[in-house]
Amino acid sequence: MKAKRGQKIVGVIGGTGLYAMDGLEGIEEVRVDTPYGETSDAIVSGTLGDVRMLFVPRHGRGHRFIPTTVPYRANVWALKKLGAEWIVSVSAVGSLREWIRPGDVIVVDQFIDRTRLRASTFFDEGVVAHVMFADPVCGSLAARLREAAATVPGTVHPRGTYVCMEGPAFSTRAESCLYRSWGADLIGMTNLPEAKLAREAEICYATLALATDYDCWRSASADVEVDEIIKVLSSNVAKAKRIIAEAVRALPSRDACRCATALAKAIVTSADAIPEAARVKLGPIAGRYL
């Protein structure tokens, strides 16, 4: 894969059915060797207008990885290596609010991390960095997704707090009610550590969430069943593709975006204490600072 000079490159991390879009030209599959092992699957590359699109099926084609074992670091490292400056994460979520109905689209603005078994940083061997994460998604990219979503029929919620649980089992009823009491609006299993890794890689990241069910807090609804989730999600794939296609027509500038310089003051390890192996491993992520 060879991008044109100055070409905008957007990564899309998606679930079942979201591997490419109508109108994509020059499609090819790319495999990237990473220090973190193989990516979830081959990355599907193609152009949409003047934009290079890179699609990563988060769970692999055929849905082979549970949320805990998705190779998050390999996926984000590979997208950075291929030049991605924006990542749109498309994710199925359960709704924790009456007004967010199955089939609705939500542009997430906050996360609560309830994962515990996943590596969530690139800076774990010889280099320490602490990135700002108060606002965990790129505000300008999220705004662009909201604008694009408004052009597609259906209900769009401009913000929402996503609690990320470990999985793969769904919540207990007590947990579901607890998350509602915390102010969470959505529940999912995959967007962390994705968002943290994207911030460390200085990539603008935003989530396009697709509500598929009401989790288990709502007594008026049946408990969560996988087949029902897949049915709703499949109907939303076309909608997500239309939103992304519209969004990338006018991507926000990164000139003043804080995502683009997230590591500028984040690395605390003395330069002379950084092992050469770490410099090589982190080259695509933080090479200009090391």
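Between W182 and Y179, the ring-plane angle classifies as tilted under the 30° and 60° cut-offs. Between Y162 and F111, the two ring planes are perpendicular [angle over 60°; tilted spans 30° to 60°].
Not one N or O on the side chain of W77 forms a donor-acceptor pair closer than 3.5 Å with the backbone of Y72. Of the possible donor and acceptor atoms, one in the side chain of R199 sits under 3.5 Å from a partner among the backbone N and O of M132. Remark: the backbone N or O of G37 is paired with a side-chain donor or acceptor of T34 at under 3.5 angstrom. R173 places a side-chain N or O within donor-acceptor distance of the main-chain N or O of C216, the cut-off being under 3.5 Å. At distances below 3.5 Å, at least one donor-acceptor pair connects side-chain atoms of E202 with backbone N or O atoms of A262. Checked by atom type and distance alone, the side chain of R97 pairs as donor or acceptor with a backbone atom of R180 at under 3.5 Å. Judged by distance alone, the side chain of S253 and the main-chain N or O of D255 form a donor-acceptor pair under 3.5 Å.
A donor-acceptor contact under 3.5 angstrom links the side chains of S89 and E194, judged on distance only. For the residue pair T39 and N75, no side-chain donor N or O sits within less than 3.5 Å of a side-chain acceptor on the partner.
Within the structure, salt bridge (Lys or Arg N to Asp or Glu O under 4.0 Å) pairs that include any residue of residues 148-169 comprise R118-E166 (at least two apart or interchain). Sorted by first and then second residue, the salt bridge (Lys or Arg N to Asp or Glu O under 4.0 Å) pairs with a member in residues 74-90 read E85-R254; sequence neighbours excluded.
A pairwise comparison of heavy atoms in R101 and Y214 identifies CG-OH, 3.3 Å as the closest pair. In terms of heavy atoms, T212 sits closest to A92 at CG2-CB, 3.9 Å. Among all heavy-atom pairs drawn from I274 and A278, the shortest one is CG2-CB, 4.2 Å.
Among residues two or more places apart in sequence or in another chain, the side chain to side chain contact (heavy atoms under 4.5 Å, CB included) test is passed with T121 by F123, D124, E200. With sequence neighbours left out, S270 forms a side-chain hydrogen bond (donor to acceptor under 3.5 Å, both in side chains) with no residue at all. Not counting sequence neighbours, the partners of S176 by the side-chain hydrogen bond (donor to acceptor under 3.5 Å, both in side chains) test are D215. Residues passing the side-chain hydrogen bond (donor to acceptor under 3.5 Å, both in side chains) test with K196, sequence neighbours excluded: D113. Residues satisfying the side chain to side chain contact (heavy atoms under 4.5 Å, CB included) criterion with T172, sequence neighbours excluded, are A174, E175. Under the side chain to side chain contact (heavy atoms under 4.5 Å, CB included) criterion, T155 pairs with D104, H157, not counting sequence neighbours. Judged as a side-chain hydrogen bond (donor to acceptor under 3.5 Å, both in side chains), and not counting sequence neighbours, the contacts of E98 are R218. Listed by chain and residue number, E276 satisfy the side chain to side chain contact (heavy atoms under 4.5 Å, CB included) test with V280 (two or more places apart in sequence, or in another chain). Remark: R114 pairs with no residue by the salt bridge (Lys or Arg N to Asp or Glu O under 4.0 Å) rule, at least two apart or across chains.
Contact check on E246 versus K241 returns no salt bridge, with no Lys/Arg side-chain nitrogen under 4.0 Å from an Asp/Glu carboxylate oxygen.
Applying the 4.5 Å side-chain rule to ILVMFWY residues, one finds V268 in the same cluster as V128.
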*Go through the steps to decide whether C177 and W217 satisfy the test side chain to side chain contact (heavy atoms under 4.5 Å, CB included), and finish with yes or no.*
CA-CA 6 Å; C177 292; W217 63 272; 4.2 Å; yes
*Give the C-alpha distance, both sets of side-chain angles, the deciding distance and a yes or no for side chain to side chain contact (heavy atoms under 4.5 Å, CB included) between T115 and M165.*
CA-CA 5 Å; T115 65; M165 62 181 290; over 6 Å; no
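Heavy atoms from other residues, nucleotides or ligands lying under 6.0 Å from CZ of R279 number more than 12. Under a cut-off of 6.0 angstrom, the local environment of CZ in R249 is sparse, with at most 12 non-hydrogen atoms contributed by other residues, nucleotides or ligands.
For the side-chain contact (heavy atoms from CB on, under 4.5 Å) criterion with V70, the lone passing option out of M189, H59, R64 is H59.
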